[in-house]
Every structure is written in structure tokens, then in C-alpha cells.
Amino acid sequence: MNGQILQVGALKQQDNFVPLPYRCVSFQPYEGEMDAAVITQYLLGREVYRRTDIIILHNSRQEYAVAAVQRTSSETLFCPLEKVEVLALPDDCVFIEDPDTDPANRSALAKLAVDRGVTSEQTAIVQGSFDHINIIHRPKPFVLRVVEVVPPSPPKLFHLVEHVLSYADLPPVIVESVTIDLRDLAQEATPEAFLVPCRSGGLDKLSAPVYFLDERPKQRENWTLIGCERSLQFHRHYYGDIPPRIEMCPRQLVKDDGKTTLLKCCLLEFDIEQNGHLMTVPWGSDLALIEKALQQLLRDKVYE
């Protein structure tokens with residue numbers, strides 16, 4: 001919002017409404033009747049600080065109400081109100097204390113609200129880190145499935161996504177981690193030996209001797225390759241043939257089932273690729289590329 005005057009009147013039905021920066025949220029004592037009409041008249045008779053957009057009223061009975069206010073100005077230090085829209089009354093307010101939740105993070109607020117059972121018709125009032133307060137109104141976080149192979153474990157892409165969500169300007173997102181265990185895939189075959197992409201993958205203990213493609217074994221063994229198309233290209237370059245192979249690329253193993261999904265692939269090197277609900281990023285993506293992918297996936301989501 002950044003000082004702009006909040007336009008009220010259509011916020012009550014807006015999903016995932018999180019006022020930012022949360023300095024615009026005012027937490028005020030109030031002992032009047034918790035009724036929308038009474039609260040509206042009460043607030044219209046008061047002046048507010050020039051950065052106030054949301055007022056949370058609380059009383060000695062631990063009841064809460066949330067109102068959005070439309071100021072007459074952003075220039076004078078205090079100013080009267082033009083309009084008030086009551087977003088939630090006590091029956092629809094859930095107050096949550098959680099010092100580990102960043103009140104400036106939409107996804108963190110959404111996750112906390114969902115974990116605490118706040119419904120999509122309610123408003124979570126969160127007293128989070130540093131005792132700062134914010135709300136998430138009608139939380140309906142976007143669900144993102146992140147698919148990655150293991151080992152190594154824990155999966156890196158999932159943690160990169162969580163890190164991006166901690167600072168990026170994105171709608172509220174709940175991240176679901178789905179892993180494809182390469183050791184389970186290896187059980188589908190009984191070769192004389194396995195060839196795996198690299199030693200760091202944690203695949204050194206399988207049901208047959210294990211060789212490592214990145215070390216370019218001198219002797220071509222009668223092995224089965226656990227690898228993707230890029231690994232197959234390396235093998236063809238090294239040994240001039242195509243071995244039996246167990247596919248490990250998430251882009252080949254995951255089908256578009258309507259769930260918005262993020263995964264990675266070695267064949268991509270410098271950019272992202274979207275096919276329907278599937279978004280693919282390169283192996284070894286940095287935070288900027290992950291953020292670009294999330295922005296594209298979520299660009300149709302409306303958030304304040």
C-alpha cells in the first residue's frame with residue numbers, strides 16, 4: 001500500500017487479503033458493541049494516522065473485530081475517514097500468537113492460519129515476530145507441489161522455494177514436497193552393476209556394484225544406468241553406446257494431473273519452461289530463477 005489511500009467497499013469478500021507493509025495495521029482497545037454499524041460510526045468519528053489502513057479492535061473479553069478504513073489524506077499527520085468497511089466481527093476472528101511467524105510474509109501467515117484451523121471465511125489476527133501484528137483475511141493459500149528426486153536428502157529445490165517465499169512479493173503459498181526415491185526405482189532392476197550420475201548423490205549402496213558416471217570409469221561394465229537424458233548423452237559420448245536405463249528425470253516421471261507443480265531438469269540450463277500446470281527450472285537454479293518461475297506460475301493470482 002505504501003501510503004496510498006486504501007479503497008474500501010470490496011475487501012470483505014477478497015481472499016488472501018494481507019495488508020503490507022503491516023505498519024498500516026493499528027491495534028486498538030475498544031469497549032463498545034461489537035456490531036458492524038456501531039463500529040462503523042465509532043471509527044468515522046475518529047481521526048487516524050496517515051498510514052493507517054486496517055484497524056483491529058479488541059476488548060477486555062478478548063473479542064476482536066477488523067475494519068478497513070479509507071482516509072481522506074496521506075499528507076497530514078492525522079486525518080478523518082471517508083469510509084469504513086468492517087471485514088470481520090468476533091465470530092469470524094481468530095487471534096494467534098506465534099513468535100516464529102513473520103507478519104510481513106504472506107505465505108507464513110497463510111501457513112499458520114491453515115495449521116491453526118482458520119477457515120477460508122475467517123480472519124486470522126497474528127501477533128508474530130517481535131510482537132508485531134498483521135492479518136490474513138479469508139486465507140485460501142495457493143498450493144504448490146515441488147517434486148524432486150532423492151537422494152541427496154533433504155531435497156534442495158523445496159528449500160530454495162521456501163527461501164524465496166520468505167522475501168519475494170508473491171501471493172500466499174503452501175508448499176507440498178513430493179520426492180521420488182531413486183533407491184526404490186533401482187529395485188525395479190537386477191543388473192550386474194549400476195551406473196549413477198555422481199558420487200554425491202548418495203546412491204553408493206545398491207543391490208549391485210555401483211559406478212559413477214562423473215568419474216568416467218575406464219572399463220565399460222555391463223551396467224544399468226540410473227539417469228536422465230543428459231546422463232545418457234554423457235554415456236554415449238564416453239562409451240559410444242546406449243545402456244539399459246532407469247529414468248530419473250522428474251519432468252519425464254511426473255504427468256500433468258492439474259496440480260501446479262515445480263520440478264527441475266538437467267536439459268534446461270539458463271531459463272524456465274512451463275507446460276500446462278508443470279513448471280520446470282534448470283538443475284542448479286539460483287534464487288532469482290526460482291523467483292521468476294514462481295512469479296510466472298502465480299501471475300494470475302490476485303493479491304493486495
Q) If you measure from CZ on Arg230 to SG on Cys249, what distance do you get to the nearest 0.5 Å? A) 10.5 Å
Q) Between Tyr64 and Phe95, how do the two ring planes meet: parallel, tilted or perpendicular, split at 30° and 60°? A) parallel
Q | Gap between atom CD1 of Ile246 and atom CD of Glu188 - 0.5 Å precision | A | 6.0 Å
Q. More than 12 non-hydrogen atoms from neighbouring residues, nucleotides or ligands closer than 6.0 Å to CG on Asp257, yes or no?
A. yes
Q: Starting at CZ of Phe142, measure out to OG1 of Thr260 and round the result to the nearest 0.5 Å.
A: 3.5 Å
Q | Side-chain ion pair, Lys12 and Glu85, N-O less than 4.0 Å | A | no
Q) Do Arg138 and Glu121 come within less than 4.5 Å of each other through their side chains, counting heavy atoms only? A) yes
Q.
With heavy-atom distances below 4.5 Å as the criterion, would you say the side chains of Ile272 and Gln296 are in contact?
A. yes
Q) Is it true that Glu176 and Lys259 make a salt bridge, defined as a side-chain N closer than 4.0 Å to a carboxylate O? A) no
Q) Counting heavy atoms not belonging to Phe234, are there more than 12 under 6.0 Å from its CZ? A) no
(Q) Using 0.5 Å steps for rounding, measure from the CE atom of Met279 to the CD atom of Gln274. (A) 4.0 Å
Q.
Can you confirm whether Val69 sits close enough to Leu6 that some side-chain heavy atom of one is under 4.5 Å from a side-chain heavy atom of the other?
A. no
Q) Rounded to the nearest 0.5 Å, how far does OG1 of Thr101 lie from CD1 of Ile136? A) 11.0 Å
Q. For atom CZ of Arg23, is the number of surrounding heavy atoms from other residues, nucleotides or ligands below 6.0 Å larger than 12?
A. no
Q: Indicate yes or no: at least one non-hydrogen side-chain atom of Glu229 is less than 4.5 angstrom from one of Arg245.
A: yes
Q.
I need the Ile5 CD1 to Ser74 OG distance, nearest 0.5 Å.
A. 4.5 Å
Q: Test Glu148 against every option in Lys156, Lys264, Arg251 by the salt bridge (charged side-chain N to carboxylate O under 4.0 Å, His left out) rule and name the one that passes.
A: Lys264
Q: Check whether the side chains of Gln122 and Asp92 place a donor and an acceptor atom closer than 3.5 Å, and report yes or no.
A: no
Q.
With clusters defined by side-chain heavy atoms of hydrophobic residues (ILVMFWY) lying less than 4.5 Å apart, directly or transitively, does Leu263 cluster with Leu289?
A. no
Q: Say whether Met248 and Phe212 are linked into one hydrophobic cluster, either directly or through other cluster members, by side-chain heavy-atom distances under 4.5 angstrom.
A: yes
Q: Could you check Ser231, Cys228, Pro282 and say which one makes a side-chain contact (heavy atoms from CB on, under 4.5 Å) with Cys266?
A: Cys228
Q. Given the rule that I, L, V, M, F, W and Y join up when any side-chain heavy atoms are under 4.5 Å apart, are Val86 and Phe17 in one cluster?
A. no
Q. Under 4.5 Å between any side-chain heavy atoms of Thr261 and Val178, yes or no?
A. no
Q) Should the ring pair His163 and Tyr167 be called parallel, tilted or perpendicular, given that the plane angle runs from 0 to 90° and is split at 30 and 60? A) perpendicular
Q) Passes ring pair (Phe, Tyr, Trp, His ring centres under 6.0 Å), His58 versus Tyr30? Steps please. A) CA-CA 6 Å; His58 62 97; Tyr30 169 78; 9.6 Å; no
**Q.** Residue of the set Ile96, Thr123, Val126 for which side-chain contact (heavy atoms from CB on, under 4.5 Å) holds with Val118
**A.** Ile96
(Q) Looking at Glu269, I'd like to know if its CD atom is crowded, meaning that more than 12 non-hydrogen atoms belonging to other residues, nucleotides or ligands lie closer than 6.0 Å. (A) yes
